[in-house]
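Below is one structure, written out as structure tokens; the observations come after it.
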Amino acid sequence: MFRLFDTAAGEIVEIVPMIPGQFSMYVCGPTVYDLAHLGHGRYALVFDILRRYLEWRGLKVRHVSNITDVDDKILERAEAENRSPAEVAAEFEEKWFSTMDRLGVLRPHYIPHATEYVENMIRFIDSLLKADVAYAGDDGIYFDVNKVADYGLLARQSPASLRAGARVAEKEFKRSAMDFVLWKLSETSAWSWESPWGPGRPGWHTECVVMSVDILGEEFDLHGGGLDLSFPHHENERVQAEAMHYKFSRHWVHNGFVMVGSEKMSKSLGNFTTLDELLESTDARAYRLLVLQSHYRSPLDVNAQTVSEASRALERLDSTHQRVIDSGIDLTSSRLNEEELERFRDVMDNDLDTATATARLFELRSRVNQLLDDALLEEAATTCATMEHLFGAIGLDLVGAKEADLPDDVKALLEQREAARNAKEYVRSDQLRKELAALGFLVEDTSVGQKVKRT
RNA sequence: GGCGGCGUGGCCGAGUGGCAUAGGCAAGGGCCUGCAAAGCCCUGUACAGCGGUUCGAUUCCGCUCGCCGCCUCCA
């Protein structure tokens, strides 16, 4: 029994796949006009973890995530840099996936682009007009939210209270402040598509409806994204679909924000760090571990300290992995501890509680070390294999010490040090260890000789 | 203004109507080690405040204080 917090229900609900054994999920992807920041990284990791977990659980997952390549911000950047919007979009899409690869985020099974769906969107908007839930305004076609009974569901607010707080300047012709644009007329810009209403561009909220339904059908299991998409974006998608009598997504899932101090990280606040910046100095797995150590719906502080703590924790995991390898244990043929697998599943089934699951895996790590200390190799093998199998299920692979290509001078120093130690010239060997440390190499003495790590 | 959420040890961060063994990081003490490192063992007066419900509340309810989010583009 797998449960998740469903934003539409406002509580944790049991997730019963529409088709037994399968799972269809649509996750709102990036608008490609700039580099991805830590917040994008978190959502990508959260849904990557969800997908991997469901697959581990034996479900056949269809994971769809779009690329929004039609947007005013893309146009603005293109104009500012005197190139075409398509060029800007292509550049940042490529950069997006290269960063996602570094983060170990699996490619979604389907990656639809808004530009491929413009014709489809025009037909959809036309249907909305025919259904009388949309109308023509001065500068485009608008959705009439008053035609939907429960507008505000995903915001968990009534239409009246939403209206009371509306911060958007009213356009005279709009029937309600919350009405949103489906088709933006743009007679001046070269970047436009022909439509029955004149040249223009589709509004943001329509593409995901059209693409998700095209690929997954009129009803699918889950629709997700960052919490900031719950309203108005997802709500606007939902009401369009509802107006067309689609059953649409059975569940809505949103992840919490990355925080900078006490503020949400966002483009508009300008307080963002790009993922590429983070990855310059940090193992990408450390960010995944940091994300795993908190609950996906909680705000997550990402700063130099929390990142370095996660990096340190990761080092210790890797170091245990290395210890096991050094003990001559063959992990690939080890049995797995069924009890632990079950416990992991129980915890993860409870609203994807990766924090508790990870805590449990750290306990296994500790147990592996204890077993190795006691030379209980067979049990250590099973425990370690189980731990690594489960970390793998959520996308975290442990690695041994990198076989660093040692520069010749380092090799020479190591040889001298070994000789000094064999001769019990400890003052000299400690001096050599210091020299190596200064060169960026950490030397440890073990029962099987010196071990070197790049620092 | 409306709606929602949060406040747990030195820091980060889970969880729970029944002793707060979460976990991570940091710190102190010990074992091991030529010394370190790694590893192991031990240690640390933590549930914002005030009421209420209850045999029992950190957990449920109310109020207060503090912080945050959404209502506009946002992952």
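Everything numeric in this text was worked out from a predicted model, so none of it was measured. The chains referred to below are lettered A, B, ... by the order of the sequence lines, with proteins before strands, and numbering in each begins at 1.
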Note to self: Could you go through A/Ser161 and A/Gln157, starting from their C-alpha distance and side-chain angles, then the distance that decides it, and tell me whether this counts as side-chain hydrogen bond (donor to acceptor under 3.5 Å, both in side chains)?
What the structure shows: CA-CA 6 Å; A/Ser161 72; A/Gln157 285 197 67; 3.0 Å; yes

Does a side-chain N-to-carboxylate-O contact under 4.0 Å join [X] and [Y]?
X        : Y        : result
A/Arg175 : A/Asp144 : yes
A/Asp228 : A/Lys264 : yes
A/Asp283 : A/Arg285 : yes
A/Arg323 : A/Asp326 : no

Next item on the list: Starting from the 5' end of RNA chain B, give me the residue, A/Asn350 or A/Glu363, whose nearest nucleotide shows up first.
Entry: A/Asn350

Next item on the list: Report yes if a donor N or O on one partner sits less than 3.5 Å from an acceptor N or O on the other, where the partners are the side chain of A/Lys73 and the base of B/rC73; otherwise report no.
Entry: yes

Next item on the list: Describe the nucleic acid contact of A/Val258 in one word from base, sugar-phosphate, nothing, applying a heavy-atom distance below 4.0 Å.
Entry: base

Notebook entry, point to check: If you look at every strand shown and take non-hydrogen atoms under 4.0 Å, does A/His37 touch a base, only sugar-phosphate, or nothing?
Noted result: base

Using whole Å, what does the distance between atom [atom2] of nucleotide [N] and atom [atom1] of [X] come to?
X        : N      : atom1 : atom2 : value
A/Glu237 : B/rC73 : CD    : P     : 13 Å
A/Gln322 : B/rG39 : CD    : P     : 13 Å
A/Leu278 : B/rA75 : CG    : C1'   : 16 Å
A/Leu390 : B/rG23 : CG    : P     : 18 Å

Hey, what are the protein-to-nucleotides 65-68 of chain B N/O distances that come in under 3.5 Å?
unit_1 : atom_1 : unit_2   : atom_2 : d
B/rC68 : O3'    : A/Ser262 : O      : 3.3

Margin query: Applying side-chain hydrogen bond (donor to acceptor under 3.5 Å, both in side chains) to A/Tyr26 and A/Asn66, what does each step give before you reach the verdict?
Written below: CA-CA 8 Å; A/Tyr26 184 95; A/Asn66 64 294; 3.1 Å; yes

Note to self: Can you build the contact string for nucleotides 31-38 of chain B? Use B for base contact, S for sugar-phosphate-only contact, and - for no protein heavy atom under 4.0 Å.
What the structure shows: ---BBBBS

Margin query: Each nucleotide in nucleotides 1-14 of chain B should get exactly one letter: B, S or -. Can you fill that in based on protein heavy atoms under 4.0 Å?
Written below: BBS-------BSSS

Notebook entry, point to check: Quick one: is B/rC40 close enough that its OP1 or OP2 comes under 4.0 Å of any side-chain N or O from A/Asn369?
Noted result: yes

Check: Can you list the steps and then say if A/Asn337 with A/Thr382 is a side-chain hydrogen bond (donor to acceptor under 3.5 Å, both in side chains)?
Finding: CA-CA 6 Å; A/Asn337 181 327; A/Thr382 302; over 6 Å; no

Next item on the list: In sequence, state the C-alpha distance, the side-chain angles, and the governing distance for A/His205 and A/His233, and then conclude on side-chain hydrogen bond (donor to acceptor under 3.5 Å, both in side chains).
Entry: CA-CA 6 Å; A/His205 307 304; A/His233 182 56; 2.9 Å; yes

Note to self: Under 3.5 Å for both donor-acceptor distances, Watson-Crick or wobble: does B/rA57 have a partner, and if so which one?
What the structure shows: none

